[in-house]
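First comes the structure, then the notes that go with it.
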2 protein chains.
Amino acid sequence: MRENTRSRIQEIALRLFTEQGYEATSLRQIAEELGVTKAALYYHFKTKDDIVASLADDRVAEFEDLLEWLRARPKTPQTRRELIVRYAERLDRPRNAEVARFLERNQTALRDHPKILRMREKMLEVVGELVEPGDPLTTRIQRSMALFSLHAGMWLTQNVEASEQERRQAAREVAIKLMEA
Amino acid sequence: MRENTRSRIQEIALRLFTEQGYEATSLRQIAEELGVTKAALYYHFKTKDDIVASLADDRVAEFEDLLEWLRARPKTPQTRRELIVRYAERLDRPRNAEVARFLERNQTALRDHPKILRMREKMLEVVGELVEPGDPLTTRIQRSMALFSLHAGMWLTQNVEASEQERRQAAREVAIKLMEA
DNA sequence: GTCTATAGGATGATAGAC
DNA sequence: GTCTATCATCCTATAGAC
C-alpha cells in the first residue's frame with residue numbers, strides 16, 4: 001500500500017501527460033489525483049523530469065532489446081516480418097502503448113531531455129537495421145512507415161465499428177505488407 | 001515596415017512553437033526575438049491562443065479546399081493519386097509544412113482548442129473520402145498512411161545523404177504506392 | 001513518507017501614458 | 001503601435017516538523 005506509491009505516481013503522471021501534454025500538467029495536479037501534497041512527490045522523484053526519465057527508461061530498454069535481437073539475425077524479409085510481430089506484441093502490453101504515445105506526442109516539449117534523445121537514436125538505429133546501404137530512399141521510408149503504422153493504425157480506426165482485436169489485426173497486416181517493400 | 005508586424009509575430013511564434021512546443025514557448029520569448037515588449041504583442045493578438053488560431057486557420061482552409069475538390073470527383077484510384085500530388089504541392093509551400101508539423105506535434109497540448117478540433121475533423125473527413133463503406137480496415141489504414149508518409153518521409157530521411165528534392169520525390173513515390181491499396 | 005509553509009521566479013494578461 | 005508598470009496566478013522546488 002505504501003511502496004507502490006512510486007508506481008502510482010508514474011501511472012497518474014503518464015495518464016495526465018498523455019491527455020494534456022507534459023508542460024500543461026503540473027505536479028499539483030498529479031498530487032491531487034494521488035491524494036497527497038506536491039511535496040510528497042519530491043520524496044519519490046527528485047524533479048518533474050525524473051518522472052519522465054523513469055518512463056522513458058522502459059522504452060529505451062525495449063528498443064535496445066529489439067536491436068540486440070535484430071543484430072543477431074540476417075537482414076532478410078523473414079527477420080523484418082518477425083520484427084513487426086515482436087514489436088506489435090510489446091505494444092500490446094497495456095502500459096507500453098501509452099508510454100510510446102506519450103513520448104511520441106511530446107517529442108517537441110521534451111526535445112532536450114537526454115533520455116528522449118537516446119530514445120530517438122535507438123529508434124533510428126532500428127530503422128537503420130531494416131535497410132541495406134544500397135537500398136533506395138523509398139525503401140527506407142516505407143519500412144519505417146511499417147513500424148509506425150502499428151501506432152497510427154489504432155488511432156486512425158478509433159471511430160470505426162470494429163473490435164479492438166480486429167483493429168489491432170488490421171494494423172499488423174498493413175505493417176507486414178509495408179515491410180515487404 | 002509596421003503593418004507586417006502581425007505577420008512577423010506569426011513567423012517567430014511558429015518557429016519557436018515548432019522547436020520548443022507551444023506551452024514551453026512564452027510570450028516574453030517571442031517578444032524578445034521580435035525586438036519589442038510582451039505588451040506590444042497584445043495589440044496584435046488578444047491572447048496566446050489567438051496566435052495559434054491564426055496559424056490553424058490556414059490549415060483548416062487547406063483541408064476544406066481539398067475536401068471540396070475531392071467531393072466533386074469520383075472515388076477512383078486516379079482521384080486518390082491526384083490527391084497525393086495536390087497535397088504534396090501544398091506541403092511544399094514553405095510555411096505550410098511548418099504549420100502542419102507544429103499542429104501535428106502539439107495536438108496534445110492544444111487538444112481543447114476549437115480550431116484544432118476542427119482541423120482534426122477535417123482531416124478525418126478527408127480520410128473518409130478515400131475509402132468506400134465496404135472497404136476493409138486495412139485499406140483505410142494504408143490510405144491514411146499514404147498521406148502521412150508525405151510528412152514523415154521528410155523527417156525519416158533527414159540524416160540521409162540526398163538532396164531535398166530527392167527526398168521529396170521519394171516520399172511522394174511511397175505515398176502514391178501506399179494509396180494503391 | 002507525508003505534511004505545512006514558503007521561497008523565488010516565470011507566466012499570461014491589463015491599465016494607462018506617449 | 002509600442003511602451004512602462006503592475007496584477008494575479010501559477011509553477012517547480014526546498015526546509016523542516018511530525
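To find a chain, count down the sequence lines: A is the first, B the second, and so on, and within it residues start at 1.
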In whole Å, I'd like the distance from the [atom1] atom of [X] to the [atom2] atom of [N].
{"X": "A/Leu27", "N": "C/dT6", "atom1": "CG", "atom2": "P", "result": "20 Å"}
{"X": "B/Phe45", "N": "C/dA13", "atom1": "CZ", "atom2": "C1'", "result": "16 Å"}
{"X": "A/Tyr43", "N": "D/dA17", "atom1": "OH", "atom2": "C1'", "result": "16 Å"}
{"X": "B/Ile9", "N": "D/dT2", "atom1": "CD1", "atom2": "C1'", "result": "11 Å"}
{"X": "A/Arg6", "N": "C/dT2", "atom1": "CZ", "atom2": "C1'", "result": "17 Å"}
{"X": "A/Asp50", "N": "D/dT12", "atom1": "CG", "atom2": "P", "result": "14 Å"}
{"X": "B/Leu41", "N": "C/dT11", "atom1": "CG", "atom2": "C1'", "result": "13 Å"}
{"X": "A/Gln29", "N": "D/dC11", "atom1": "CD", "atom2": "C1'", "result": "12 Å"}

Result of checking B/Val131, B/Leu147, B/Ile176, B/Leu130 against B/Arg80 for side chain to side chain contact (heavy atoms under 4.5 Å, CB included):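 Looking at B/Val131, B/Leu147, B/Ile176, B/Leu130, the match for B/Arg80 under the side chain to side chain contact (heavy atoms under 4.5 Å, CB included) is B/Leu130.
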The side chain of [X] lies closest to which of these nucleotides: [options]?
{"X": "A/Thr5", "options": "C/dA13, D/dT2, C/dT2", "answer": "C/dT2"}
{"X": "B/His44", "options": "D/dG1, C/dT2, C/dT14", "answer": "D/dG1"}
{"X": "A/Ala39", "options": "C/dT2, D/dA15, C/dT14", "answer": "D/dA15"}
{"X": "B/Ser26", "options": "C/dC3, D/dT12, C/dT11", "answer": "C/dT11"}
{"X": "A/Lys38", "options": "C/dG12, D/dA13, C/dA5", "answer": "D/dA13"}

A/His113 ring center near A/Tyr22 ring center (under 6.0 Å):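 Aromatic pair excluded; centres sit 6.0 Å or further apart.
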Whether over 12 other heavy atoms sit under 6.0 Å from A/Lys46 NZ: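 Count not over threshold, so no.
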A/Thr25 side-chain N/O to D/dC11 phosphate OP1/OP2 under 4.0 Å: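 No, no such contact exists.
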Side-chain N or O of B/Arg28 closer than 4.0 Å to phosphate OP1/OP2 of C/dA10: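 For B/Arg28, the contact criterion (side-chain N or O under 4.0 Å from OP1 or OP2 of C/dA10) is not met.
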Residue whose closest nucleotide on DNA chain D lies nearer the 5' end, A/Tyr42 versus B/Ala40: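 Taking each residue's closest nucleotide, the earlier one in sequence belongs to B/Ala40.
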Distance-minimising heavy-atom pair for B/Glu11 and B/Arg95: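 For B/Glu11 versus B/Arg95, the nearest heavy atoms are N-NH2, 4.0 Å.
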Touch class at under 4.0 angstrom, heavy-atom based, for B/Thr37 against every strand present: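 Since a base atom lies under 4.0 Å of B/Thr37, the category is base.
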Donor-acceptor side-chain pairing of B/Arg101 and B/Thr18 below 3.5 angstrom: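 Their side chains do not contain a donor-acceptor pair, so the 3.5 Å distance test is not met.
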